[in-house]
Amino acid sequence: MKKLFVTRELPEEVIDYMNKYFEVKINMEDRLLIKDEIIEGTKWADAVLCTLADKIDREILTCNPNLKCVSNYAVGYNNIDVKEATELGIAVCNTPDVLTEATADIAWCLLLAVARKIVLSDTYTREGKFKGWKPTLFCGQEISGKTLGVIGAGRIGKAVARRASGFNMKVIYSNRSKTTIDGIIAKQVEFYDLLEQSDFISLNLPYTKETHHLISKNEFKIMKNSAIVINTARGACIDEESLLDALKNGEIAGAGLDVYEHEPEICSGLIALDNVVLLPHIGSATTETRNNMGFMAVDNARDAIYGKMPKAIINPEVMNKYR
């Protein structure tokens with residue numbers, strides 16, 4: 001039986017599923033493995049199933065000449081040296097599609113929570129401060145009829161945009177290439193036009209060299225003072241220090257974050273602000289989605305090992321050597 005090394009405990013149903021196809025070695029401790037531990041597990045395995053928090057670099061990829069696949073339990077894969085893996089003939093796989101709807105939902109949770117001061121209101125109520133209705137208590141921003149700007153119109157960005165139709169919003173979006181969003185009226189615009197026109201801005205794009213600090217000091221100055229920024233993409237797409245300054249100086253009205261530039265560390269200044277809602281990277285955290293991510297990651301690893309083209313592979317050219 002082929003061997004699968006898993007860097008983090010996954011849902012029970014996923015573990016049962018992988019045991020059907022592999023001899024499994026899995027990190028069941030509630031912590032990230034250090035690099036030497038990942039190397040030790042990789043040397044033992046035919047494939048590695050890792051998470052976005054695991055840095056899979058050249059040293060790990062070259063430690064086992066028989067390694068066939070690195071299967072990422074995430075849609076993003078910037079944690080893996082894909083170029084090195086490709087040169088070594090190692091398949092790199094991810095889990096797109098299955099987490100689209102859950103991540104779009106969490107973007108809207110953040111948008112609503114920031115705009116309507118939900119977290120502040122909840123804390124206020126739990127602390128026994130609610131003494132009855134009053135006209136000025138926690139007045140937030142109207143959402144209906146406003147403009148939603150979506151940066152990155154891939155699967156998740158399109159799903160975020162489609163949800164805006166229920167709020168009668170105007171939707172504009174920017175994307176690297178020309179695309180359309182089916183099912184709603186939406187207009188593709190230039191990036192800086194989007195920043196200038198939007199009441200709510202949602203980041204839904206991958207992390208690359210080009211998107212590093214895509215939103216920084218200059219971009220915040222272009223936004224409306226009433227704008228709310230939502231990030232469920234990758235933390236480093238936003239310059240966190242510039243975000244802090246923009247929030248403190250009133251350049252924007254608020255932010256909702258599920259990801260962070262130096263995750264899991266969070267800029268302490270952000271924690272102190274009451275116009276920010278902070279989540280612990282739970283965009284895909286539904287039972288159904290996390291299970292389906294696991295099933296796909298296992299299937300990807302199994303297929304790659306046996307020479308079958310995986311459903312979600314980043315470097316399909318490496319499979320030619322197994323055919």
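Since the model is a prediction, treat every value here as computed from it, not as a measurement.
- Under a hydrophobic clustering in which Ile, Leu, Val, Met, Phe, Trp and Tyr are joined whenever their side-chain heavy atoms come within less than 4.5 Å, directly or via other members, I118 and L110 fall into different clusters.
- Here F130 pairs with nothing under the ring pair (Phe, Tyr, Trp, His ring centres under 6.0 Å) rule; sequence neighbours left out.
- A donor-acceptor contact shorter than 3.5 Å links the side chain of Q188 to the backbone of S177.
- Partners of N300 according to the side chain to side chain donor-acceptor pair (under 3.5 Å) rule, which considers only residues two or more places apart in sequence or in another chain, do not exist here.
- Listed by chain and residue number, Y17 satisfy the ring pair (Phe, Tyr, Trp, His ring centres under 6.0 Å) test with Y21 (two or more places apart in sequence, or in another chain).
- For I185, the CD1 atom counts as loosely surrounded, since its 6.0 Å shell holds 12 or fewer non-hydrogen atoms of other residues, nucleotides or ligands.
- Distance alone, capped at 3.5 Å, places no donor-acceptor pair between the N72 side chain and the V92 backbone.
- The aromatic rings of F167 and W108 sit parallel, their planes meeting at an angle under 30°, below the 60° perpendicular limit.
- The salt bridge (Lys or Arg N to Asp or Glu O under 4.0 Å) check on K134 picks up nothing, with sequence neighbours excluded.
- In this view, D36 satisfies the salt bridge (Lys or Arg N to Asp or Glu O under 4.0 Å) rule with no residue, not counting sequence neighbours.
- Panel note: side chain Y73, backbone T95; no donor-acceptor pair is recorded below 3.5 Å.
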- prompt: For R176 and L205, what are the C-alpha separation, side-chain angles and deciding distance, and is it a side-chain contact (heavy atoms from CB on, under 4.5 Å)?
  reply: CA-CA 10 Å; R176 288 178 299 176; L205 69 173; over 6 Å; no
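- Partners of R58 under the side chain to side chain donor-acceptor pair (under 3.5 Å) rule, at least two apart in sequence or in another chain, are E84.
- Clustering of Ile, Leu, Val, Met, Phe, Trp and Tyr by side-chain heavy atoms under 4.5 Å joins W133 with none of the others.
- Here salt bridge (Lys or Arg N to Asp or Glu O under 4.0 Å) pairs that include residues 275-287, with residues two or more places apart or in two chains, number zero.
- At a threshold of 4.0 Å, the pair R302-D299 counts as salt-bridged, since one of the basic side-chain nitrogens sits closer than that to a carboxylate oxygen.
- Among residues at least two apart or in separate chains, salt bridge (Lys or Arg N to Asp or Glu O under 4.0 Å) pairs with a member in residues 213-238 are D199-K224, K221-E251.
- Evaluation of the side-chain hydrogen bond (donor to acceptor under 3.5 Å, both in side chains) test over residues 156-167, restricted to residues two or more places apart or in two chains, returns E101-R163, D105-R163, K158-T179.
- Proximity of a side-chain donor or acceptor of N64 to a complementary backbone N or O of N66 within less than 3.5 Å is detected.
- The ring pair (Phe, Tyr, Trp, His ring centres under 6.0 Å) check on F220 picks up nothing, with sequence neighbours excluded.
- A search for ring pair (Phe, Tyr, Trp, His ring centres under 6.0 Å) contacts involving F191 returns nothing, not counting sequence neighbours.
- In this structure the side chain of I151 reaches within 4.5 angstrom of the side chain of I201, judged on heavy atoms.
- For K131 (side chain) and G128 (main-chain N/O), a donor-acceptor pair under 3.5 Å exists by modelled atom type.
- In this model, a donor atom of one side chain and an acceptor atom of the other lie less than 3.5 Å apart for T51 and D54.
- In this structure a side-chain-to-backbone donor-acceptor pair under 3.5 Å is present from T211 to P206.
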